[in-house]
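Because only heavy atoms are used, hydrogens play no part in the values below, and waters and symmetry mates are left out as well, while side chains stay in.
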Amino acid sequence: MKDNGHVLAMMAHPDDIEILCAGTLTRLQQKGYRIHLATMTAGDCGSVKLPPEEIVRIRLEEAQAAARQLEATYQCAGEKDGFICYQVSTIRKTVEILRRSQAFLVITHSPQDYMIDHEITAQLVRNACFCAGIPNFRTEATPAVPPLSGVPYLYYAMPVEGKDSLGRMVEMEFFVDITGQIETKAALLACHASQRKWLRQHHGVDEYIDQMKRWSAQAGSGIGVDFAEGFRQHRGHGYPQDNGLTELLGPEAADD
């Protein structure tokens with residue numbers, strides 16, 4: 001699939017994108033690429049005090065605010081936290097979202113992650129990248145969304161702390177230097193104010209922004225820069241084999 005200027009980041013929950021790949025998206029946006037953001041859920045379990053309907057309203061507003069700062073579009077598949085499943089209805093919705101973006105390059109979660117919602121999202125997005133260009137793969141979108149012109153580049157972001165569900169490090173293929181974009185990334189993450197409260201109450205974790213910076217600094221140490229984001233590329237049969245992301249971002253995106 002040729003470079004058409006459209007990039008999609010699709011992850012499980014509001015704020016996942018900002019934590020895991022917003023620096024790279026900012027670099028692409030600064031180069032003139034049109035960014036599209038999407039989440040599987042609206043974060044309905046992201047509060048210990050507010051009912052689902054209220055926290056969903058808040059988190060959708062936060063996600064849309066972050067998208068506006070990035071001059072990006074935002075879509076939500078409408079699934080529920082903890083219930084993201086590899087099933088027909090969700091498969092169709094994921095393909096629809098990818099087709100609407102018309103993205104030639106896609107970023108999603110690591111297939112090995114600490115949370116099952118993230119791992120299933122990675123499977124759904126992987127399938128969508130392969131199927132979105134198949135004309136006979138039909139969804140329930142009305143009107144129908146045109147298929148992609150081919151299979152897009154697919155990248156898996158480094159999981160939180162770089163670890164899988166068993167606490168083992170997940171090896172990254174390459175890192176993108178985001179030192180110049182770290183404050184923009186922090187500003188995008190700050191849009192998700194409700195989650196600082198949630199993490200403090202549920203996980204006992206504070207320093208929402210500072211923690212993100214520590215993880216980004218950890219990734220940066222792999223290539224000798226202050227801050228970075230790590231990725232692996234999906235190179236299965238039918239997918240692009242060259243590394244389009246490093247070609248776009250130049251020598252600052254270096255192999256580990």
Side-chain angles (χ1 to χ4, degrees), residues 7-25 27-28 35-41 43 77 79 81-86 90-91 94 97-98 103 105-130 151-178 185 188-189 192 195 199 203 205 211-223 227-236 239-241 243-246 249 253-256:
V7 173
L8 170 68
M10 186 168 187
M11 296 194 175
H13 315 105
D15 85 359
D16 286 338
I17 292 170
E18 288 77 5
I19 291 171
L20 299 177
C21 66
T24 298
L25 295 176
R27 287 193 60 183
L28 291 168
I35 307 301
H36 304 273
L37 310 180
T39 59
M40 297 304 301
T41 86
E79 299 301 301
D81 286 352
F83 288 92
I84 300 175
C85 295
Y86 194 87
T90 317
I91 290 169
T94 309
I97 287 172
L98 179 50
L105 188 151
V106 178
I107 300 173
T108 191
H109 286 290
S110 169
Q112 298 81 35
D113 202 291
Y114 79 96
M115 188 176 189
I116 194 69
D117 271 359
H118 296 184
E119 293 180 342
I120 299 300
T121 297
Q123 293 178 359
L124 288 161
V125 175
R126 171 187 170 185
N127 176 71
C129 287
F130 193 85
V151 179
Y153 291 94
L154 174 59
Y155 294 92
Y156 301 123
M158 184 171 72
V160 167
E161 297 182 326
K163 297 177 181 179
D164 66 12
S165 61
L166 298 178
R168 301 171 300 194
M169 293 301 296
V170 179
E171 184 177 356
M172 293 294 102
E173 181 183 348
F174 65 96
F175 294 86
V176 173
D177 182 1
I178 61 161
K185 176 171 178 166
L188 293 169
L189 184 56
H192 299 272
Q195 292 315 285
L199 292 173
H203 294 8
V205 174
Q211 189 175 63
M212 175 276 291
K213 288 184 176 180
R214 286 195 294 271
W215 293 333
S216 298
Q218 174 190 342
S221 67
I223 56 171
F227 300 101
E229 292 169 343
F231 298 95
R232 291 180 292 166
Q233 183 176 356
H234 187 92
R235 287 192 173 91
Y239 288 79
Q241 299 299 299
N243 192 337
L245 187 54
T246 58
L249 298 182
D255 291 334
D256 184 19

Where do V170 and Y156 land on the side chain to side chain contact (heavy atoms under 4.5 Å, CB included) test, with the steps shown first?
-> CA-CA 11 Å; V170 179; Y156 301 123; over 6 Å; no
Residue pairs involving residues 153-170 (criterion salt bridge (charged side-chain N to carboxylate O under 4.0 Å, His left out); sequence neighbours excluded) = D164-R168
Decide yes or no for M169 and P159: does some side-chain heavy atom of the first lie under 4.5 Å from some side-chain heavy atom of the second?
-> no
What is the distance from atom CG of L124 to atom SG of C129, rounded to the nearest 0.5 Å?
-> 11.0 Å
Spatial distance of atom CG (L37) from atom CG (L8) [nearest 0.5 Å] | 8.0 Å
Begin from the C-alpha positions of T39 and H13 and carry the test side chain to side chain contact (heavy atoms under 4.5 Å, CB included) through to its verdict.
-> CA-CA 5 Å; T39 59; H13 315 105; 5.8 Å; no
From L105 CG over to L25 CG, what is the distance, rounded to the nearest 0.5 angstrom?
-> 9.5 Å
Under the 3.5 angstrom rule, does the side chain of T94 hit a backbone N or O of T90 as a donor-acceptor pair?
-> yes
By side chain to side chain donor-acceptor pair (under 3.5 Å) - contacts of H36 (at least two apart) | H6, T73
Do L245 and Q233 pass the side chain to side chain contact (heavy atoms under 4.5 Å, CB included) test, and can you show the C-alpha distance, the side-chain angles, and the key distance before you say yes or no?
-> CA-CA 9 Å; L245 187 54; Q233 183 176 356; over 6 Å; no
What are the two closest non-hydrogen atoms of G23 and E229, and how far apart are they?
-> N-OE2, 2.9 Å
Output yes when a side-chain donor or acceptor of Q241 lies under 3.5 Å from a complementary backbone atom of R235, and no otherwise.
-> yes
State which residues pass side-chain contact (heavy atoms from CB on, under 4.5 Å) with A12; sequence neighbours excluded, sorted by chain then number.
-> D16, I84, H109, D117, H118, T121
Flag side-chain contact, heavy atom, 4.5 Å: P14 against T41 = yes
In Å, rounded to the nearest 0.5 Å, how long is the span from CD of Q195 to CG of L189?
-> 10.0 Å
Distance-only donor-acceptor check, side chains R126 and T108, under 3.5 Å = no
In terms of heavy-atom contacts, A38 and I97 come closest through CB-CG2, 3.7 Å
Identify the two heavy atoms, one from N243 and one from Y155, that lie closest to each other, and give their separation to 0.1 Å.
-> OD1-OH, 2.8 Å
Quick check: are there more than 12 heavy atoms from other residues, nucleotides or ligands sitting under 6.0 Å from CZ of F130?
-> no
Worked check of side chain to side chain contact (heavy atoms under 4.5 Å, CB included) between V160 and L20 = CA-CA 7 Å; V160 167; L20 299 177; 4.1 Å; yes
Hey, what do you get for OG1 (T24) to CZ (R27), rounding to the nearest 0.5 Å?
-> 7.5 Å
From M212 atom CE to K185 atom NZ, the distance as rounded to the nearest 0.5 Å | 5.5 Å
With side chains defined as the heavy atoms from C-beta onward, is the minimum distance between L28 and L249 less than 4.5 Å?
-> yes
Positive for side-chain contact (heavy atoms from CB on, under 4.5 Å) with M158, one of F175, W215, F231 | F175
Please report the closest heavy-atom contact between L188 and A22, naming both atoms and the distance.
-> CD1-CB, 3.9 Å
Can you check whether D113's main-chain N or O pairs, donor with acceptor, with E119's side chain at less than 3.5 Å?
-> yes
For M40 and A77, which heavy atoms make the closest approach, and how far apart are they?
-> O-CB, 3.6 Å
How far apart are the closest heavy atoms of A157 and I107, and which atoms are they?
-> CB-CG2, 4.4 Å
